[in-house]
Amino acid sequence: MTWNRRHLLTLEELSVAEIEQIHTVATAFKKVLGRSVKKIPALRGKTIVNLFLEPSTRTRMAFDMAAKRLSADVISFDAASSSTTKGETLRDTAENIAALGADMIVIRHNCAGSPLYLSNILDIPVINAGDGSHEHPTQGLLDTFTMRERLGPDLRGRRVVILGDILFSRVARSNIHALVKFGADLTLCGPSTLVPRSLEGLGVKVSHDLRSALADAEVVMLLRIQHERQTATMFPSLGEYTSMFGLNSTRASWLSPKAIIMHPGPINRGVEIDSDLADGDRSVILDQVTNGIAVRMACLFLCAGGNPASVTAGE
Ligand code: CP
């Protein structure tokens, strides 16, 4: 198939074929990252601006590295020293960045829909790097890429559990859209205040019973509690959350013996996951981070109009 999107805004709108195409291109780029010279000239002469208006470690650095590996020029917007502190709007900021000659904008913002908004007013591709509690499509792409790498390409019927603060999680929402499209057997688990039954409408199971949710699961993805997005008290205390839903070695023994443990980061060690599991043999948390570079290279390359056939011959 041929990629024909300019923007990457959500996983909700992508087809399985489009997700698979991103993964195929990412597989080719992952091989490039394993060479001694980790760089190709695919986006030479292009300028990519990382417009991050919320904190980030992994996503911003992975987009930065991905653009550099494709030979693009990269400018990272520093929100704290920018004119947004003087009241400049998102629209004015983005239009000025485009007027300065940017060829693509990668945006992270606390308002759901802000990437869509920019895609409607700018003439350049817009990539969503996380918008409020809505979506984090490149995280969902790198997570499913990592699952397919570990479990095999066909995720149909594979038992996946996402555990934690689902309600406020853009990572959960993007993964739910991708995993439902792939036909995975997906269960969302956590306290009823953070995992409401209404989520079953997305085509997933909802469980508030950790033992039955984890039983024989092949993947467990932990999510941190998103205090910054919660406007009410969703559970009595962090200690109580950990005692009910934190992943420890006893609870991990309920998983399938070959199960993998995932987390998008940042981790709150000792809250949603014990350190021995985060750092243990079954953890693929740092593989997720590494895969994030190749997956984001694929997203930048395709949205810039790159020809997938030029990099995937032999995949
Ligand atoms: N997973 C993720 O989005 O991490 P950052 O917030 O550090 O980018």
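Fair warning: this is a prediction, and the values are worked out from it, not measured in the lab. In each ligand, atom 1 is the first atom listed, and ligand 1 is the first ligand listed.
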Whether Arg148 and Glu20 form a salt bridge (side-chain N of Lys/Arg under 4.0 Å from carboxylate O of Asp/Glu) is what I want to check.
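Salt bridge: yes.
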Assess whether a salt bridge exists between Asp64 and Lys68, defined as any Lys/Arg side-chain N lying under 4.0 Å from an Asp/Glu carboxylate O.
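Yes, charged N to carboxylate O under 4.0 Å.
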Salt bridge (charged side-chain N to carboxylate O under 4.0 Å, His left out): pairs with one or both residues in residues 201-216, sequence neighbours excluded:
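Applying salt bridge (charged side-chain N to carboxylate O under 4.0 Å, His left out) to every pair that reaches into residues 201-216, excluding sequence neighbours, yields Asp185-Lys205.
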Pairs meeting criterion salt bridge (charged side-chain N to carboxylate O under 4.0 Å, His left out) with involvement of residues 74-89, two or more places apart:
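Counting only pairs at least two positions apart or across chains, no salt bridge (charged side-chain N to carboxylate O under 4.0 Å, His left out) contact touches residues 74-89.
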Minimum heavy-atom distance between Ser71 and Ile40, given as atom pair plus value
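So the minimum-distance heavy-atom pair works out to OG-O, 2.6 Å.
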May I have a table of the N/O to N/O pairs between ligand 1 and the protein that fall below 3.5 Å, each row giving the two atom names and the distance to 0.1 Å?
| residue | atom | partner | partner atom | Å |
| --- | --- | --- | --- | --- |
| ligand 1 | 1 (N) | Gln139 | OE1 | 3.1 |
| ligand 1 | 1 (N) | Pro264 | O | 2.8 |
| ligand 1 | 1 (N) | Gly265 | O | 3.3 |
| ligand 1 | 3 (O) | Thr59 | OG1 | 2.9 |
| ligand 1 | 3 (O) | Arg108 | NH2 | 3.0 |
| ligand 1 | 3 (O) | His136 | NE2 | 2.9 |
| ligand 1 | 4 (O) | Arg58 | NE | 3.0 |
| ligand 1 | 6 (O) | Arg108 | NH1 | 2.9 |
| ligand 1 | 7 (O) | Thr57 | N | 2.8 |
| ligand 1 | 7 (O) | Arg58 | N | 3.0 |
| ligand 1 | 7 (O) | Arg58 | NE | 3.2 |
| ligand 1 | 7 (O) | Arg58 | NH2 | 2.9 |
| ligand 1 | 8 (O) | Ser56 | OG | 2.6 |
| ligand 1 | 8 (O) | Thr59 | N | 2.9 |
| ligand 1 | 8 (O) | Thr59 | OG1 | 2.6 |
| ligand 1 | 8 (O) | Arg108 | NH1 | 3.4 |
| ligand 1 | 8 (O) | Arg108 | NH2 | 3.4 |

Considering residues at least two apart in sequence or located in another chain, which fulfil the side chain to side chain donor-acceptor pair (under 3.5 Å) criterion with Arg44?
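Here no residue qualifies.
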